[in-house]
Amino acid sequence: MSEKKIKNIFVEGPIAPDFISTSISKHSTKTNIGGHSIFLGQVRADEIDGKLVSAIDYTAFEDVALKQMDEIREAVFAKYPLTCMHVYQSLGLVKAGEICLFVFTSSAHRKPAIDACEEVVERLKAELPIWGKEVFEDGTHQWKENK
Amino acid sequence: MSEKKIKNIFVEGPIAPDFISTSISKHSTKTNIGGHSIFLGQVRADEIDGKLVSAIDYTAFEDVALKQMDEIREAVFAKYPLTCMHVYQSLGLVKAGEICLFVFTSSAHRKPAIDACEEVVERLKAELPIWGKEVFEDGTHQWKENK
Amino acid sequence: MEIELISFGRISEFIPNQKIQINGIETTSGLQNYLEKTFPQLAGMKYKLALNKNLVQQESEIRNGDSIAIMPPFSGG
Amino acid sequence: MEIELISFGRISEFIPNQKIQINGIETTSGLQNYLEKTFPQLAGMKYKLALNKNLVQQESEIRNGDSIAIMPPFSGG
């Protein structure tokens with residue numbers, strides 16, 4: 001078995017727009033890239049039984065999630081000719097209107113970046129042990145369910 | 001016929017990563033949004049007959065392009081339940097590694113944003129009278145062709 | 001033997017993390033029966049197990065000192 | 001009659017913007033024949049016309065003072 005460093009994807013709290021632009025900037029030296037595809041998850045202030053969601057509190061089984069993400073990353077790199085892929089998922093409290101997920105794929109031509117980005121988002125939501133607790137304005141909560 | 005203001009999509013020169021993060025930030029008040037999909041076109045330093053592309057110089061038949069974009073916008077809003085859509089295309093010189101196209105769609109759930117973003121990129125490339133002149137390091141050029 | 005239970009999401013609200021003594025249980029499906037009897041709320045729910053940080057995809061043997069995670073449907077992203 | 005020619009992309013390198021006098025040409029396809037004879041480089045190329053800033057999708061009538069854009073395949077984005 002080869003030694004392999006597993007990449008972290010978790011960040012504490014919301015993902016700042018500045019973090020996203022810095023991440024984009026770093027790719028300007030990679031002049032073999034022709035297209036970037038980005039997906040951002042944003043916390044919705046859903047109304048449920050008359051109460052508004054004010055934040056989502058994320059927890060994860062981190063070790064397992066990172067191992068799963070590593071498998072997804074390898075599969076997606078094997079399937080698509082990507083230049084790079086970056087994934088960031090919030091843990092802890094993310095308020096309505098803030099960004100909780102940032103998936104970023106790049107390739108020479110647009111199609112692989114676009115397809116890979118969507119696939120990573122779908123697989124991440126289905127396969128990573130992460131849970132969102134929707135916290136209402138009055139302090140009560142319910143557990144989020146992915147569609 | 002109703003009076004309608006046609007939105008501009010053209011920006012002079014490259015699209016700055018800061019512009020992108022500012023655009024993302026502006027959506028934090030729209031708490032009915034759950035997903036954003038972004039496509040960024042970046043100028044590649046392709047090697048053609050031993051010469052490197054150093055920049056692309058974009059020109060457009062602006063009035064016609066904006067009219068076409070307006071039709072695309074209407075069709076895409078009719079087809080997908082989007083919260084918003086923003087499109088920016090560079091004119092003039094954009095150097096290798098810089099961003100020349102920024103398409104940004106948002107919706108309550110991820111799928112419409114993702115599908116609409118891809119559709120806008122495809123239609124923009126096929127239907128908008130815009131031309132890219134690939135400028136080589138030695139000052140010669142060739143005209144770009146979309147795949 | 002002793003095993004460690006770790007729980008997540010809504011399951012963590014009625015199964016706190018704990019060490020439990022179990023006897024005569026040798027497999028993950030045996031443990032599942034035990035858990036659903038001990039924590040009746042679990043019986044009606046969808047959940048997955050992880051054994052020593054590996055998702056349980058098929059019947060697996062449980063040994064003394066193992067850690068078992070009980071996980072409701074994922075809702076990340 | 002007089003019409004205005006506007007050209008883009010690689011076509012602008014051999015057809016400069018200009019006003020031309022044409023006689024006996026009444027439709028876009030007639031104009032196309034005329035242009036391909038006058039500018040032989042155009043004959044082997046793919047291009048589209050716009051008449052008064054509207055993409056020409058079908059045979060259209062040309063009138064005095066019209067503007068005609070000659071556009072090679074698009075390559076934006």
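Order of the sequence lines sets the chain letters (A, B, ...), proteins ahead of strands, with each chain counted from 1.
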Exercise for the section: Using a heavy-atom cutoff of under 4.5 Å, enumerate the residues of residues 16-42 of chain C that contact chain A, numbered in order, or state 'none'. Expected result: none
Exercise for the section: Quick one: pull up CZ in A:Phe61 and OG in C:Ser7 and give me the separation to the nearest 0.5 Å. Expected result: 10.5 Å
Practice task
Among A:Gln68, A:Lys125, A:Gln89, A:Glu145, single out the residue with the greatest number of heavy-atom pairs under 4.5 Å to chain C.
Solution key: A:Lys125
Handout entry: Interface residue of largest heavy-atom contact number with chain C, from A:Asn146, A:Leu101, A:Val103, under 4.5 Å
Key = A:Asn146
Exercise for the section: For residues C:Glu13 and A:His141, determine if any side-chain heavy atom of one lies less than 4.5 Å from a side-chain heavy atom of the other. Expected result: yes
Handout entry: A:Asp49 atom CG: more than 12 heavy-atom contacts under 6.0 Å
Key = no
Problem - Greater than 12 external heavy atoms within 6.0 Å of C:Lys48's NZ - result: no
Fill in the blank from the handout: So NZ of A:Lys133 and CZ of C:Arg10: to nearest 0.5 Å the spacing works out to 12.0 Å
Fill in the blank from the handout: So, the part of A:Ala65 with a heavy atom under 4.5 Å from chain C: the answer is neither
Handout entry: Residues in residues 65-77 of chain C that sit under 4.5 Å from chain A, counting heavy atoms only
Key = C:Ala69, C:Met71, C:Pro72, C:Pro73, C:Phe74, C:Ser75, C:Gly76, C:Gly77
Completion exercise
Rounding to 0.5 Å, atoms CG (C:Asn54) and CG (A:Asp63) come to a distance of 10.5 Å
Practice task
Please flag which part of A:Leu128 lies under 4.5 Å from any non-hydrogen atom of chain C: side chain, backbone, both or neither.
Solution key: backbone
Validation: residues 29-40 of chain A side-chain donor-acceptor distances under 3.5 Å, sequence neighbours left out:
residue, atom, partner, partner atom, Å
A:His36, ND1, A:Ser106, OG, 2.8
A:His36, NE2, B:Gln42, OE1, 2.6

Practice task
Would you give the length of the straight line joining atom CD of A:Glu127 to atom CG of C:Leu55, rounded to the nearest 0.5 angstrom?
Solution key: 9.0 Å
Only distances under 3.5 Å count here; give the side-chain donor-acceptor pairs of residues 7-18 of chain A to other protein atoms, sequence neighbours excluded, each with its distance to 0.1 Å.
residue, atom, partner, partner atom, Å
A:Asn8, OD1, A:Phe10, N, 3.1
A:Asn8, ND2, A:Phe10, O, 3.3

